[in-house]
Chemist: 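Please read through the structure below; I'll follow up with questions.
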Amino acid sequence: WPGSPVRAIREDTAGNVWVAAEGELSKWNGASWEVFRVPSLPGLPVLDVYFEPGGTVWAATPTGVGRYDGRSWKKLDSKGNGLTVDEVVSAFTDTQRRMWVLGVSGVAEHEPDLTAPQTVFVNTNEKVSPSRNVSIVFGAAYGELADLEYKWQWDGGPWSDWGPDNTWYRQGVADGPHTFSVRARDWVGNVDTTPATYTFEIDATPPAAEIASPSFGLPVRGTCAVVGSTADPRFRAATVEARPLGAAAWTHPLAAWAAP
């Protein structure tokens, strides 16, 4: 054992061995040590270490309790961080996953957060957008802001990794319908099982004009009728403009102009 004097040795549900000591909390996975010290921990020495069935680790110290979700530590103490005692002597979880903390000044009960965040969209693209650039902002309902992570899915593809960014942006999106889904996870590990999903369509291609007559390259003289059409799945109205070969500007076909 390479560390400081030991206070307690515990084994978690995955078979890892945790050593609570004067100067650190260490985890042995069977091959190597992972060591945690202040400021990750709320204080030292680590008096004892406890485990929830889901894998959450609790470390008791004289200045509060540290809670570890496998990614980062969070401090619980009497300074507005979830406890009414600081000088912790011991702690344990009951069958309802409540954390009971015994301190010098009394006993505190900590109710676990078992509710997953509800993912919502804050800002989205238009349902039908003429732009190929897509920007979507998302978050969690009911004002939940702290320590959230998100993962997203685009057009039924693979889900992204978890990350803190709540804005998604993509350029050059093709015409057609698209679907964006996103789910949130809080610090405790509660995951939204019903992702927020938004479906929209990109229509950035203008309708093309087709001239039916006169045929291309056919010589004409005097007054000539130009007949054409345009079509688009979302056709509402068309503005017709014409430009004789060699002219610099497009004009309404009823405007007077002469062929060069």
Side-chain angles (χ1 to χ4, degrees), residues 10 12-16 18 25 27 29 34 36 39-42 49-60 64-84 88 91-101 108-125 127 134-170 178-200:
R10 309 286 185 195
D12 65 20
T13 55
N16 301 303
W18 293 75
L25 174 64
K27 170 188 171 184
N29 62 12
E34 184 176 7
F36 305 98
S40 296
L41 297 172
V49 60
Y50 312 90
F51 313 101
E52 289 186 18
T56 300
V57 179
W58 295 82
V65 175
R67 186 179 187 183
Y68 183 62
D69 66 348
R71 294 167 291 150
S72 60
W73 287 90
K74 201 172 189 70
K75 180 179 180 178
L76 282 73
D77 59 25
S78 63
K79 300 175 179 61
N81 295 315
L83 289 182
T84 56
V88 177
F92 70 92
T93 56
D94 62 20
T95 56
Q96 299 181 38
R97 294 183 62 186
R98 293 174 300 188
M99 185 73 179
W100 295 88
V101 180
E109 175 196 357
H110 176 70
E111 292 281 352
D113 177 7
L114 302 178
T115 303
Q118 180 181 340
T119 316
V120 295
F121 289 110
V122 178
N123 188 42
T124 58
N125 243 42
K127 272 293 187 179
V134 178
S135 178
I136 298 176
V137 182
F138 38 86
Y142 310 114
E144 188 170 357
L145 299 174
D147 301 318
L148 293 175
E149 291 185 317
Y150 304 91
K151 64 189 319 181
W152 51 264
Q153 182 189 52
W154 172 248
D155 280 351
W159 285 89
S160 69
D161 294 331
W162 290 106
D165 293 337
N166 70 328
T167 300
W168 184 87
Y169 181 75
R170 178 163 293 186
H178 299 279
T179 300
F180 181 84
S181 299
V182 60
R183 60 178 9 132
R185 174 177 73 175
D186 62 20
W187 184 89
V188 182
N190 299 313
V191 177
D192 187 356
T193 58
T194 56
T197 298
Y198 186 69
T199 299
F200 59 96

Chemist: Give, for atom CH2 of W162 and atom OH of Y150, the distance between the pair rounded to the nearest 0.5 Å.
Modeler: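 With rounding to 0.5 Å, CH2 (W162) is 10.0 Å from OH (Y150).
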Chemist: P42 and G66: which non-hydrogen atoms are nearest, and at how many Å?
Modeler: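 That closest heavy-atom pairing would be CG-N, 3.4 Å.
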Chemist: So does D12 pair up with K27, basic N to acidic O under 4.0 Å?
Modeler: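 K27 and D12: not salt-bridged.
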Chemist: Run Y198 and V182 through side chain to side chain contact (heavy atoms under 4.5 Å, CB included) and show every step you take.
Modeler: CA-CA 9 Å; Y198 186 69; V182 60; over 6 Å; no
Chemist: Under 6.0 Å between ring centres: does that hold for Y68 and F36?
Modeler: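 Y68 vs F36: aromatic centres under 6.0 Å.
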Chemist: Using ring pair (Phe, Tyr, Trp, His ring centres under 6.0 Å) as the criterion, list what pairs up with W159, not counting sequence neighbours.
Modeler: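 With sequence neighbours excluded, W159 shows a ring pair (Phe, Tyr, Trp, His ring centres under 6.0 Å) to no residue whatsoever.
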Chemist: Mind checking whether E34 and N29 have side chains closer than 4.5 Å, heavy atoms only?
Modeler: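 No - every pair of side-chain heavy atoms lies 4.5 Å or more apart.
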Chemist: Looking at residues at least two apart in the chain, or sitting in another chain, which of them share a side-chain contact (heavy atoms from CB on, under 4.5 Å) with A116?
Modeler: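 By the side-chain contact (heavy atoms from CB on, under 4.5 Å) rule, A116 matches N190.
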Chemist: Using the test salt bridge (charged side-chain N to carboxylate O under 4.0 Å, His left out), find all partners of K151 that sit at least two apart in sequence or belong to another chain.
Modeler: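 Partners of K151 by the salt bridge (charged side-chain N to carboxylate O under 4.0 Å, His left out) criterion come out as none, since no residue qualifies.
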Chemist: Kindly compute the distance separating NZ (K74) from OG1 (T56), expressed to the nearest 0.5 Å.
Modeler: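 Answer for the NZ-OG1 pair, K74 versus T56, is 12.5 Å.
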Chemist: Got a sec, which residues hit side-chain hydrogen bond (donor to acceptor under 3.5 Å, both in side chains) with Y50, two or more places apart in sequence or on another chain?
Modeler: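 So Y50 forms a side-chain hydrogen bond (donor to acceptor under 3.5 Å, both in side chains) with D48.
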Chemist: Do I136 and W152 have side-chain heavy atoms sitting under 4.5 Å apart?
Modeler: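 No, every pair of side-chain atoms sits at 4.5 Å or beyond.
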Chemist: Checking Y169 now: which residues fulfil side-chain contact (heavy atoms from CB on, under 4.5 Å) with it, not counting sequence neighbours?
Modeler: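 For Y169, the residues satisfying side-chain contact (heavy atoms from CB on, under 4.5 Å) (neighbours in sequence not counted) are N133, S135, Q171.
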Chemist: Under the side-chain contact (heavy atoms from CB on, under 4.5 Å) rule, collect the residues that match up with D165, sequence neighbours excluded.
Modeler: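 Counting only residues at least two positions away or on another chain, D165 forms no side-chain contact (heavy atoms from CB on, under 4.5 Å).
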Chemist: Ring pair (Phe, Tyr, Trp, His ring centres under 6.0 Å) with W154: which residues, sequence neighbours excluded?
Modeler: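 Once residues adjacent in sequence are excluded, the partners of W154 under the ring pair (Phe, Tyr, Trp, His ring centres under 6.0 Å) criterion are W168, H178.
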Chemist: Please name all residues satisfying side-chain hydrogen bond (donor to acceptor under 3.5 Å, both in side chains) with T179, sequence neighbours left out, ordered by chain then number.
Modeler: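 T199.
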Chemist: Measuring from W73:CH2 to R67:CZ, what's the distance to the nearest 0.5 Å?
Modeler: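 Reported value, rounded in 0.5 Å steps: 11.5 Å.
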Chemist: Return yes if some donor-acceptor pair links the side-chain N/O of T119 with the main-chain N/O of P195 below 3.5 Å, else return no.
Modeler: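 No; judged by distance alone, with no hydrogens or angles, the pair does not exist.
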Chemist: Please find the pair of heavy atoms, one from L148 and one from A140, that lie closest to each other, and give the distance.
Modeler: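 Shortest heavy-atom separation between L148 and A140 comes out as CD1-CB, 3.6 Å.
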Chemist: Apply salt bridge (charged side-chain N to carboxylate O under 4.0 Å, His left out) to D161 and list each qualifying residue two or more places apart in sequence or on a separate chain.
Modeler: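 Testing D161 for salt bridge (charged side-chain N to carboxylate O under 4.0 Å, His left out), a comparison that skips the adjacent residues, returns none.
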Chemist: Could you list the residues that satisfy side-chain contact (heavy atoms from CB on, under 4.5 Å) with S72, not counting sequence neighbours?
Modeler: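 S72 satisfies side-chain contact (heavy atoms from CB on, under 4.5 Å) with D69, W187 only.
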Chemist: Output all residues satisfying side-chain hydrogen bond (donor to acceptor under 3.5 Å, both in side chains) with N166, sequence neighbours left out; order by chain, then residue number.
Modeler: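 Checked N166 against side-chain hydrogen bond (donor to acceptor under 3.5 Å, both in side chains); zero matches.
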Chemist: Taking side-chain hydrogen bond (donor to acceptor under 3.5 Å, both in side chains) as the test, write out the residues that go with T197, two or more places apart.
Modeler: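 With sequence neighbours excluded, T197 shows a side-chain hydrogen bond (donor to acceptor under 3.5 Å, both in side chains) to S181, given in chain and number order.
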Chemist: Taking the side chain as C-beta and beyond, is there a heavy-atom pair between F138 and R183 under 4.5 Å?
Modeler: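 Contact flag for F138/R183 side chains = no.
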Chemist: Minimum heavy-atom separation for G189 and R71, please, with both atom names.
Modeler: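 What the structure gives for the nearest pair is N-NH2, 4.3 Å.
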Chemist: Checking the side chain of R10 only, and the main-chain atoms of W18 only, is there a donor and an acceptor separated by less than 3.5 Å?
Modeler: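 Checked: no pair found.
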